[in-house]
Amino acid sequence: MGEFKVHRVRFFDYIPSAIRTMAFNSQTERLAVARADGAVEIFNFNDNFFQEKVIPGQDGRAIEALCWVGHRLFSAGLNGEITEYDLENLRPQYTVDAYGGPIWTISSNSQGTQLAVGCEDGTVKIFAILEERIQFQRNLNRHKGRIISLCWHPSSAQIAAGMTDMITIFDAETGHATRRLLVDRATGASKNKEVVVWSVGYLSDHTIISGDSAGKVQIWNGLTGTLVRTYLVTKWDVLVLSVSKDESSVIAGTSEGTVIQFQFISSTVDQHDKEWVRTRTFRNHSHDVSALAHTDTAVVSGGMDTQLVVRPLLDKVEKNTQESALRKIAFPHRSLVGCAKKAGLLLFQFPDRLELWKLGESEGHGKPGDRLPVKRKPEKLIELKRKGEDHICCSALSACGGWLAYSTVSNVRLYRIQYSNTISINKVSKLPKELRSVHQLCFSSDSSKLFASSCQSSVIVVAVSQQECRYLHTLKHKTGSRQPVHLLCASDDGKWLATANTDCEIHIYNLHKMKLHCMVPVYNSCPTTIAIHPVTNNLISVHADQQIFEFSLVQKEYTQWSRRLQTQGLLSLWLERDTPITHITFNPKNLDHIILHDTYMFCIIDQSLPFPELNAVLWNQMTLKSLPVSQRIGQSHAFKICKSFQHLMCVSLLEDLSLVVVERPLLDIMSQLPAPVRQKKFAT
Amino acid sequence: MAKKQRGKASSSSKTADIEKPTKSFTLSLESSDDEAPEEVTFEDSKAEALRSMKQALDTARREKQLLKEKRRKRQELFQEQKVSVCHFKWFQMLSEAWSLTNPDLKGKYTVTTVKERTLASFQQQVAEEFIQSRLYGPGTCRTTSELVASPYFIFSSKEKAKAEKLKKRWLHKQQIPSS
């Protein structure tokens, strides 16, 4: 099959940012997740939980709460600002200072007409939600002590606000506090420590549910102001609550990393005496759970361990199907590694900087499994820190290694790199003004052009040369889609450019004529990666539901191979993989090979071999190795999967045919996270 | 009771070599258990214990005072900043009013918000410190992430079961006599 020399790279010090908060939009089935560095990610729950959009963070944004109002997304944070996001251009649309100091919580009423924010200065501020903006209306009566959490009553007539040592119920109309619910402090040694009500829920029947820093979940009667029931669920804090849409279930997230479910059920058959009962406990996190979302079928949680966990509720989904499987999303669904194949260079993208590394060299040969001696160690050539507060959105490295570009929401930067005795990097100062609001960057294979995707899925083409960077053309499509481009790739011969947007549209442009060539038929799952074969100019696309397609750019139709694959069908083990394919590359020595990878495996698809039968074994590499060479061909099929390297951030093939495998073991990330709570564990 | 014993010991030890006074007082009886602990040793260790206790109390008191002082200073600074923002907003209003009465100055000057920016970032810092102290401050019982990443820190039941199986297999192997 193939023997490769592998550069096993473990020096990409990627650390994901903690999840601070999340909000689920049941209308659009989208989950918005805010991270500690201010980035906002949108996951499509209708499309295999694909991370379709990422809005980069900003220094100081410190988001504490997110809120959907229809299709609009708002956030509020410790910088005292309310931000509305432009989800088509992946940037903040505008920010409004609430003038109440840091904002701890934000919530909209059920009609979507008003936003309430809880501020550091003890006020709850009401903003009217207008068409293109929000406008300050009034303050509710001010209280001593910060407002940490709040929740509207479904009627929009009251607001329950969680503070220190108490919950206050406000009349939303008059602004007066109508009731004060006093929350008990912890017993014992922590008696002198104030109790913080981290989260509140307000149900239609005026039941208030609170989670506090003393580890209690309390059920209150909001009409009489009395405490109905207390559950002490943890020694540490209950950081977050989420109520299901039908108000029959509440989930609470704790600092221990557990998520506890309470359900409104009755112990008797006739269902008359319903009460809130603690039911399930989910232990899917190693660190504090600070964000929760309760969908109709699942419990979604996230926190300090940076992983997004989707736990389907087994009474709402069919058991033992893919639908009921636990999902853990630990790595981004896009590549953060660029590879200059000709020069043997790697570009690592961090939110605050770029690192350019030269791969090492080995000497000698060996058998499969041998570790070759390293003649020259890998070397960090350049560390380029970004300018300004906005985090890096995307980056690109030309194949020759001579050009480097990155963009933020506010600007684009282009650098020329020269390699002589020393490395020199020079910024190209005058960039065309058309280069704004760029989401994806890509150099042509001959490094003469830079492609930048911009608003409404258009692509800006600029020529790069020693002397200048000159605007050439803007490529536009005809579908009217305003969604951003998340994938961009150019063919090796310089004739074709392919783009994919989050409306699942793949557009092909002819670069010789500088116009739209065709659009690939829309498949209803979003493409997660696309690539153009260097010789056949066929476009390979892999989608969020793990389907693979091959489209001939010249013929403007799916290839025979692709049609055969669709007819045969992919094996269920392939389709049930829970991480997306994020990169495709090809082997110049063997044109039948397609090399692709997800987080846990890389696979070489051999287009000359038959597809596996539906009852065949997908991971058959071990079996094949044990057979004598003459017998192997009978058992071989097209999918050659290798699981020796994990967790994969990138797999690429250099010009000298050595494989580059960039790994980021999860344990390396875990060891650098902030301290979790001390618990008694097996063997500790 | 002890005194009597001590008296006896001093008389009997006159003939024996004078041993070095031991630092710690152990309850176990040695072979020559007729000898009681030396008087000097006990007093010394008692004094030492009292001294260290007093030191600990002093340190705790000092730390408390330091924290109080820090909190007071922060509150003062906060008040100061609040006042300065009021002043600043007042200044902004004044300058706007002034520009209205002087139409030729309109749009030809800008008021920079340097002080307000410092206040906002200070408030943000205070808020972040609040979260930090509530979740990671004293009394929050946290461990280290190195321990979490260690092979012994297993937190899913599947992994626990796997580890138990491996452990059983290994133990079984150990019981097989080596040939």
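Just so you know, these numbers come straight off a predicted model, no measurement behind them. Chain naming here is simple, since letters A, B, ... match the order of the sequence lines and numbering starts at 1 in each.
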**Fill in**
To the nearest 0.5 Å, atom CG of A:Leu326 lies from atom CZ of A:Arg311 at 5.5 Å

In terms of heavy-atom proximity below 4.5 Å to chain B, should [X] be classed as side chain, backbone, both, or neither?
X: A:Glu194; answer: both
X: A:Asn79; answer: both
X: A:Leu666; answer: neither

**Request:** Search all heavy atoms of A:Gln322 against all heavy atoms of A:Glu576 and return the closest pair with its distance.
**Result:** NE2-CA, 3.4 Å

**Prompt:** Does B:Tyr136 have B:Arg142 sitting over its ring (NZ/CZ under 6.0 Å from centre, angle to axis within 45°)?
**Reply:** yes

**Prompt:** Once the angle between the rings of B:Phe130 and A:Trp104 is folded into 0 to 90°, is it parallel (under 30°), tilted (30 to 60°) or perpendicular (over 60°)?
**Reply:** perpendicular

